[in-house]
Amino acid sequence: MRKPHALWAVVPVVAFLSTPFLPFVNGPHLWFGLPSVLVWCLLWTAGTTASLALVEHFAHPAGEGDEDDDVTHDAYEEAAA
């Protein structure tokens, strides 16, 4: 079963896919001196990073999986030696 916090990753996908259908984005408009589609995509690129950070933050609560981190750290130290 998927957790509800994973739905944050769907928001930027919907925003990108809806770009051609939004009249305030897909038109001869300038936002901050740039074409509106470019600004829209730049904003949602940053929004994608933020939404994936939220998913990652809520997917691994603090204190959970500490044992795995120690094993990974030990394996890294052995490989580096």
Side-chain angles (χ1 to χ4, degrees):
M1 185 168 125
R2 294 199 174 157
K3 298 185 179 178
H5 63 266
L7 293 176
W8 282 108
V10 175
V11 174
V13 173
V14 170
F16 277 121
L17 291 176
S18 65
T19 300
F21 305 109
L22 299 173
F24 63 92
V25 175
N26 192 14
H29 313 291
L30 293 178
W31 295 351
F32 307 111
L34 296 170
S36 58
V37 174
L38 176 64
V39 176
W40 179 260
C41 290
L42 289 173
L43 288 174
W44 281 109
T45 301
T48 301
T49 304
S51 68
L52 291 177
L54 279 172
V55 169
E56 181 68 22
H57 175 73
F58 289 119
H60 300 291
E64 182 180 306
D66 291 339
E67 299 84 22
D68 294 338
D69 292 340
D70 293 337
V71 171
T72 305
H73 185 62
D74 292 339
Y76 176 73
E77 287 178 351
E78 290 177 9

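One is the number of the first residue; the rest follow in order along the sequence. Worth saying up front: this structure is predicted, and the values here are computed from it rather than measured.
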For residues [X] and [Y], report the shortest heavy-atom separation together with the two atoms involved.
{"X": "Thr19", "Y": "Val25", "value": "CG2-CG1, 3.9 Å"}
{"X": "Val55", "Y": "Ala9", "value": "CG2-N, 4.0 Å"}
{"X": "Pro12", "Y": "Thr48", "value": "CB-OG1, 3.2 Å"}

Single-linkage hydrophobic cluster [X]~[Y], side-chain heavy atoms < 4.5 angstrom:
{"X": "Leu30", "Y": "Val37", "value": "no"}
{"X": "Leu43", "Y": "Val13", "value": "no"}
{"X": "Val14", "Y": "Leu54", "value": "no"}

*asked:* Run the side-chain contact (heavy atoms from CB on, under 4.5 Å) test on Trp31 and Leu38 for me, step by step, so that the C-alpha distance in whole Å, both residues' side-chain angles and the decisive distance to 0.1 Å come before the verdict.
replied: CA-CA 9 Å; Trp31 295 351; Leu38 176 64; over 6 Å; no
**Asked** Would you call the rings of Phe24 and Trp40 parallel, tilted or perpendicular if under 30° counts as parallel and over 60° as perpendicular?
**Response** perpendicular
To the nearest 0.5 Å, atom OG of Ser36 lies from atom CG of Leu22 at 10.0 Å
